[in-house]
Every structure is written in C-alpha cells, then in structure tokens.
Amino acid sequence: MNLKIIWMDFVYSIKGWYRSKGGMFWSLAFPVILILLFGAIFSGIGSSKYTLYVQDKDQTEMSRMFNATLNGTKLFTINVVKADVNASAFIKEKNIKSLIVIPDGFEQTIQESFTNPSARVDLQFYFDPSEQTTTQVIRSVISSILQEMNKNLSHAKTIIGVQEISTITENFNFIDFFLPGMIGFTIMQGAIYGSIERNTKYRKDGILRKLLTTPITRTEWILAKMLFMMFLAALTTALITIIGILVFGMTVNISAWVIIIIIATSFLFSGMGMLIGRFVKEEETADTAAGAISFPMMFLAGTFFPLEQMPGFLQTIAHVLPLYYVNEALRNSMIYLNQNESLLNGVVVIIFAGVFFISGVLLTKWKED
Amino acid sequence: MIEQRFKCPNCEQIASFYGNPGEHLVVTCSACHLKGRLTIPHAEQNNGHAIEVSHLKKIYGDLIAVNDISFSVKNGEVFAFLGPNGAGKTTTVEMIESIRQPTAGSIQLLGKDIKTHFNDVKEKIGILPQEFHSFERLTVRETLVYFSNLFKKKADVDQIIQSLDLTSHKNMLYRNLSGGLKQRVGVAISLVNDPEIIFLDEPTTGLDPKARREVWGVIAGLRKKGKTVFLTTHYMEEAEFLADHIAVIFKGKIIAEGTLEDLIRNYGKSSVMHIKKCVNAPEVIEMLKQEGYDEVSSEGNGDIAIKIDYKERVLDILSHLKHDCIEYESLDIRRSNLEEVFLRLTGSKLTEDAA
Ligand SMILES: Nc1ncnc2c1ncn2[C@@H]1O[C@H](COP(=O)(O)OP(=O)(O)OP(=O)(O)O)[C@@H](O)[C@H]1O
Ligand SMILES: [Mg+2]
C-alpha cells in the first residue's frame with residue numbers, strides 16, 4: 001500500500017470539493033441552515049393537552065384528597081396508574097410525559113408531622129424535559145396545591161414537597177434532540193452521494209477505467225475516498241456542534257466513542273451508496289434512488305421528530321433503519337450522556353457498517369464486462 | 001537493464017552488453033579489443049512488437065463483439081484500428097488494456113502476457129479511454145500532477161503541458177475547457193508516465209475539424225518521439241493522415257490490414273485522371289480508347305475520366321494531349337482513398353459524418 005498515493009488523492013478530493021459550490025452547500029451550509037431554522041421554529045412549541053398520570057401508592061384518605069384536589073383544577077386529563085407498577089419502567093414503556101407518584105406512607109408522614117417537626121414527604125414528579133410547557137404548567141399547579149396544603153397543615157413548614165425526576169437526565173428541548181440527528185443525516189447524505197458519484201459518474205467518464213490501468217490499487221483508492229468521507233464527517237460534526245454550543249447554548253459531549261460512531265456511519269452509508277450505484281447505473285437515476293431511500297429514512301428514523309410521536313407501525317419500521325441507530329447512538333452519547341444506550345445502538349451501527357461496506361466493496365464492479 | 005548481444009565486426013566474437021533502451025555505450029571487444037559504439041535498441045524482449053494479439057475473442061450473450069482477431073503492432077508505429085460504430089474497437093482495446101476480460105485469446109504487451117503480468121506493464125502504458133472526462137474541479141496542471149503521482153515513472157508535467165500547447169490553459173478547471181482541449185488534456189494524461197505504448201480510443205470523435213487537427217498534431221508528435229501509438233477511429237482521414245499501419249475492423253473481424261498503400265493497392269480502385277472542360281471531348285475519348293485505355297468515360301460538360309493503372313500512363317496521356325493540341329481547362333489525378341476501400345470491402349460507407 002502506498003500511503004503517498006492515498007494522501008495525494010485525499011488532498012485532491014478536498015481541492016475539488018472546496019471548489020464545488022454544491023458540495024460545500026450540502027455538507028456545510030445546508031445542515032447549518034436547517035439547524036437554525038428548526039431550532040427557531042420548534043423552540044416555543046409544546047403540547048396543548050396536559051395529560052397527567054398519577055400513581056397512588058399510599059391509598060389513604062390523605063392521598064385521595066390530594067388526588068381530588070388535582071382533579072378539581074380541571075386542567076388535566078388524569079390517568080390512574082396501579083400502585084404496584086414500577087414507575088420508571090412504566091414511563092419508558094408507555095412513553096409517559098408526566099407522572100406523579102404519591103409515595104407509600106404519605107398520610108402517615110403528615111400525621112407524624114404534628115409531633116415531629118422534621119417529618120417530610122416528597123411526591124415524585126416524573127417529567128419529560130422536552131415537553132417544556134406541559135412540565136411548566138404541571139409544576140406550577142402542583143406547587144400551588146402543595147403550598148395550600150402545607151399552609152393548612154403547618155402554617156409555615158414544608159411537609160409535603162416535590163422531588164422532580166427528569167425522565168431523561170437533563171432539561172432537554174427540541175434542538176438537543178435535533179442536533180445529533182442532523183449530524184447523522186448530513187454524514188449519511190455526503191457518504192451516499194459521494195459513493196454514487198464515484199460508482200456511476202466516474203465509471204461513465206472513464207475515470208475508473210483509466211485508474212485500472214494505473215498502479216493505484218483498489219484498496220488505496222477506497223481508503224483515500226474513505227479518508228475524505230471522514231474529513232467531511234468531522235467537518236460537519238464540528239460545525240454543527242459549534243452552532244449548537246454558540247447559538248443554542250447546548251452542552252455537547254464529544255468523546256472517542258462519538259468519533260467511532262461517526263466513522264462507522266461514514267463507512268455504513270458509503271457502502272450503501274456503492275450498492276445503489278452498483279444496481280442503478282445512470283448517475284441521475286442513482287441520485288434519485290438515493291433520495292428515495294435517504295429522505296424517507298431521515299423522517300422514519302427519528303431525525304427530526306421523536307419516534308414516540310409516530311404511529312406504532314412506523315416505529316417498528318424505524319428499528320430496521322440504520323439511520324435510527326446512528327441517531328440513537330449519537331443522541332445518547334452526545335446529549336443525554338446515556339452511554340449504555342449509546343453503546344448498544346453504536347454496536348448496531350458498527351455491524352450495519354461492516355455489512356454494508358463489505359458488500360458494497362465486494363459487489364461493486366471494478367472492471368468492465 | 002537490457003541485455004544486448006553483439007557480434008564483433010572484426011573477430012566475430014559474440015558478447016553481451018547491458019544498458020537502458022536508447023542508451024549509447026562505448027564497448028570493447030573482449031577478444032580483439034576493438035573499440036566501438038553501441039546503442040541499446042528500444043526493441044527489447046519483444047522482437048520489435050509492442051503489442052501482439054492472437055485469436056482474441058469476446059462474446060456478449062449471443063453477440064460476438066470481437067471474433068478471433070490476431071494482429072501485432074510494431075514498436076514506434078502508429079497503428080490505427082479503423083472501423084464503424086459497434087465494430088468492436090473499444091472492446092478490443094479495453095481487452096488489451098486489461099479492463100475487460102477476453103473470452104478467448106492471448107495478448108502480449110512489450111513481450112509480457114497481460115493475463116499474468118499486467119501489473120508489470122502498467123508503468124509503461126498510457127491510455128485515453130473513449131469519451132474520457134476527467135475530474136471536473138481540478139485544473140489542467142493539477143489533473144496531470146494527480147495522474148503523474150500514481151506512477152513511479154514520471155515525465156515532466158510542465159514539459160507535457162508545453163509540448164501539447166496547454167500552457168495558457170494550465171490553470172483552468174477541467175470542466176471549463178472546450179471539447180478539443182479536454183481531449184488534448186486526455187492525451188496529456190496518457191503521457192504522464194512517459195509510456196512506451198499509448199492507447200487512444202477515438203481521441204477526436206465529436207471534435208470540430210480544427211480541434212481534430214490539433215489532436216492529430218499531438219499524435220504525430222508522439223510518433224516522432226518514437227512512441228508506439230494504438231489509435232482507434234472511425235475517421236478515414238485520421239487513419240490516412242496518422243497511421244503507419246491500418247487494420248480495418250468490421251463486425252468484430254479484421255477485414256483488411258496493412259499500410260495505407262497496401263490497402264489501396266489491394267482493395268481500392270486505381271487512380272483516376274480527370275480532364276476538365278476538354279474541347280471536342282468525344283474525339284479525345286475515341287482517340288484514348290484506340291490507344292488502349294479501357295475505362296474512359298465522359299462525365300458531361302466536356303469532362304473526361306480515365307482510369308490509370310500505372311503511373312507511366314499519366315505521361316503517355318499527357319503527350320497524346322499535347323501532340324493533338326487538345327485544349328482543356330484543368331487536369332487532376334485522384335488517388336483512390338480508404339473510403340473507397342471500405343466501400344468495396346463491406347458494401348457500406350464507414351461513416352455518414354466523415355468530415
Ligand atoms: N458490456 C457490453 N455488453 C454487451 N454488449 C456490448 C458490451 N460492450 C460492447 N458491446 C457490444 O459489442 C459491440 C462492439 O462494441 P464496441 O464498443 O467495441 O464498438 P466500437 O467499435 O468501439 O464502437 P464505437 O465507435 O461506437 O465506440 C457492439 O455491438 C456493442 O453493442
Ligand atoms: Mg468505441
């Protein structure tokens with residue numbers, strides 16, 4: 001293997017890309033515009049229906065009274081959750097946005113408080129930080145109810161408090177969700193279309209034939225191109241992340257693992273592009289095919305909107321889409337800091353990458369018939 | 001290094017000397033100590049043949065695209081592969097370039113079987129694929145440097161630019177070049193490794209006559225430098241103008257082969273003399289017929305056409321005209337051309353658009 005040839009090809013790829021308005025637009029300007037646009041559009045929007053789940057673990061006079069008060073506000077649709085259900089698991093499974101748990105011993109603690117000044121009980125409020133408005137409404141309603149109750153019970157002391165439990169880890173909003181999706185999507189587009197150009201246009205233009213008669217090997221050629229894809233991916237990631245930090249004040253975690261996912265993503269979609277270029281020989285048709293595959297994938301894989309908001313069968317489809325795992329892996333690692341979840345999804349991405357890239361390389365026709 | 005065996009002119013001792021092709025050596029005979037000069041020839045291992053193709057065949061489904069053809073190309077000659085669209089030119093040339101897999105047959109480049117040794121000859125060949133279009137957004141010079149860097153052996157890029165008259169365009173992006181310039185750059189790319197054999201697949205198709213002439217100039221220049229050029233074309237004039245040796249390919253078969261002279265002698269009509277606006281043409285025709293010219297015909301308007309078998313007959317006719325004080329406006333002799341050869345061989349015209 002001749003590293004000099006690989007490096008040279010890489011440098012010339014950058015030159016060509018740098019001079020191409022289209023290339024620059026799709027890999028840099030487009031994602032930035034989308035981020036700014038979507039960030040602005042969706043920053044203020046929340047759900048208008050306030051659905052609240054309540055789990056009464058206490059099942060006493062006191063807890064029923066609290067429930068009744070909550071109901072009396074007429075602000076919520078209240079759903080009762082059985083007392084023996086595990087709250088966190090239930091939230092995850094049913095995709096619950098807000099849940100209040102009245103803990104066991106609620107009434108007892110209140111009664112104790114008459115003799116024991118330090119007695120205190122906390123309701124648990126599970127909430128989804130991406131539902132900012134809903135959370136805000138519920139929070140203020142609960143706090144005013146509790147304030148009233150506390151006043152009646154002890155005049156000044158807080159006996160009943162609230163323990164807030166984010167169903168994710170921090171206070172996230174749409175842009176937090178969207179930014180990793182945009183990174184995955186941009187890398188996907190760049191890799192698919194890049195591969196297609198090489199496998200269709202370069203074939204038609206005789207460049208592949210020409211290269212076959214020069215000493216550059218297939219491995220050198222592929223490595224050089226992958227190096228370039230990773231350069232683009234790194235640039236995209238850096239740019240989008242910087243926008244997130246500077247414009248939206250996000251906290252973004254870039255770790256070695258994130259970089260591995262990004263590299264795997266480049267390989268994954270380069271392989272997919274090779275496969276498209278292998279079976280659809282005309283460049284324009286292949287581009288159309290790429291669009292027909294990548295755009296639905298973008299929506300279905302939860303790039304722009306959380307899957308939970310989609311009908312069940314679409315959620316099922318999402319689980320066979322490579323981009324879904326890229327999104328989940330990046331999101332969990334970069335934003336939610338949920339590394340276990342990221343690891344799981346990332347491994348799926350790596351497996352997909354291996355399968356697509358290897359079959360792409362093997363199935364590509366390098367020689368002519 | 002090439003071994004060159006040499007017989008001493010003095011004592012007939014045979015000795016081996018080593019050098020690079022084209023290198024001049026001063027050598028001393030080991031037996032009689034005679035000193036002499038010796039040039040290591042370019043014609044190396046391959047008995048003077050840069051390309052040798054034998055019984056080459058390519059079948060696509062039930063189409064025999066190339067049908068058992070054999071030929072060889074001598075070192076340093078321009079070999080034109082002439083044939084109409086779909087004749088099998090590209091298929092043949094790309095099999096020689098190892099881009100396509102032959103169905104049968106063997107190919108040797110510079111004495112090496114490409115089935116097993118193609119990688120060894122990559123450094124020594126330069127190719128221009130049909131309808132080649134290079135990287136859009138590299139300049140002419142960058143393009144040449146790019147391809148040059150792929151090879152170990154490098155020609156001087158700036159010298160190529162200069163010799164192909166690309167100096168004023170060297171910083172233009174490839175995509176902005178005219179068709180003729182693109183083809184010239186394509187030829188330039190095929191030269192970056194200073195190759196011994198250059199393959200040009202229809203280098204002038206689609207060019208206007210001026211651009212075509214420019215590319216011809218370049219190819220003629222390569223020939224002068226002693227390069228072997230394998231050229232495919234469907235333009236008669238191109239083959240006539242450039243080629244030392246022409247193979248006419250039709251429906252996958254080589255139907256005629258040789259120098260231009262050979263082809264015309266073997267397959268063309270002989271030359272025809274035209275006398276324009278001859279006064280009392282009928283009498284002249286009668287007179288020539290009596291003199292033994294069989295194919296004399298009137299072309300109206302006092303024009304006469306006479307078939308000439310031997311060039312001596314031209315003088316003969318002229319002296320008759322002079323002797324009889326016959327007046328005419330002009331006179332010319334047209335040689336039969338490849339178009340006629342092709343027409344005669346295949347019963348069809350080579351191209352509609354032959355410029
Ligand atoms: N990959 C292929 N599959 C099937 N048939 C092919 C293939 N390549 C060439 N052919 C057929 O083989 C024949 C010879 O084609 P080829 O391209 O060699 O002709 P050519 O002489 O180069 O013509 P042109 O002047 O148009 O370039 C044609 O009939 C063509 O359709
Ligand atoms: Mg052809």
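Only heavy atoms go into these numbers, but all of them, side chains included; no hydrogens, no water, no symmetry mates. The chains referred to below are lettered A, B, ... by the order of the sequence lines, with proteins before strands, and numbering in each begins at 1. All values reported here derive from a predicted model rather than from experimental measurement.
Heavy atoms of A:L208 lying under 4.5 Å from chain B are absent altogether. Interface residue A:W221: only side-chain heavy atoms are found under 4.5 Å from chain B. Looking at A:Y18, there are no atoms closer than 4.5 Å to chain B (heavy atoms on both sides), in backbone or side chain. Looking at B:F118, only its side chain comes within 4.5 Å of chain A, counting heavy atoms on both sides. Proximity to chain B (any heavy atom under 4.5 Å) is restricted, for A:K201, to the side chain, taken from C-beta onward. Using a 4.5 Å cut-off between heavy atoms, B:L173 touches chain A through its side chain atoms alone. Neither the backbone nor the side chain of B:T103 comes within less than 4.5 Å of any heavy atom of chain A.
Atoms CZ and CD, on A:R209 and B:E131 in that order, are 8.5 Å from each other to the nearest 0.5 Å. Here the CZ atom belonging to B:R137 is positioned 13.0 Å from the OG atom belonging to A:S13, to the nearest 0.5 angstrom. In this structure, OG in B:S98 is found 12.5 Å from CD in A:E368, a value given to the nearest 0.5 Å. Of the inter-residue distances, the one linking A:M8 atom CE with B:L150 atom CG reads 4.5 Å to the nearest 0.5 angstrom. With rounding to the nearest 0.5 Å, the separation of CG in A:L212 from NZ in B:K122 is 7.0 Å. Atom NZ of residue A:K15 and atom CZ of residue B:F135 lie 13.0 Å apart, to the nearest 0.5 angstrom.
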Exercise. Applying side chain to side chain contact (heavy atoms under 4.5 Å, CB included), run through B:Q101 and A:D369 and close with a yes or a no.
Key: CA-CA 7 Å; B:Q101 191 74 37; A:D369 281 327; over 6 Å; no
Practice problem: Could you go through the side chain to side chain contact (heavy atoms under 4.5 Å, CB included) check for A:D205 and B:F132 one step at a time? | Solution: CA-CA 5 Å; A:D205 287 349; B:F132 179 72; 5.9 Å; no
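Proximity of B:K152 to A:N2: side-chain heavy atoms (C-beta onward) are nowhere separated by under 4.5 Å. Side-chain contact check for A:K367 versus B:I99: every heavy-atom pair is 4.5 Å or farther apart. Proximity of B:L128 to A:K210: side-chain heavy atoms (C-beta onward) are nowhere separated by under 4.5 Å.
Atom CH2 of A:W366 is surrounded by more than 12 heavy atoms from other residues, nucleotides or ligands within 6.0 Å. For B:E136, the CD atom sits in a packed shell: over 12 heavy atoms of surrounding residues, nucleotides or ligands are nearer than 6.0 Å.
A:Y12 and B:N149 share no donor-acceptor pair across their side chains, judged by distance under 3.5 Å alone.
Note on A:D9, A:I5, A:T213: by heavy-atom pairs under 4.5 Å with chain B, the leading option is A:T213.
Of all heavy-atom pairs spanning A:G206 and B:P129, the tightest one is O-CG, 3.6 Å.
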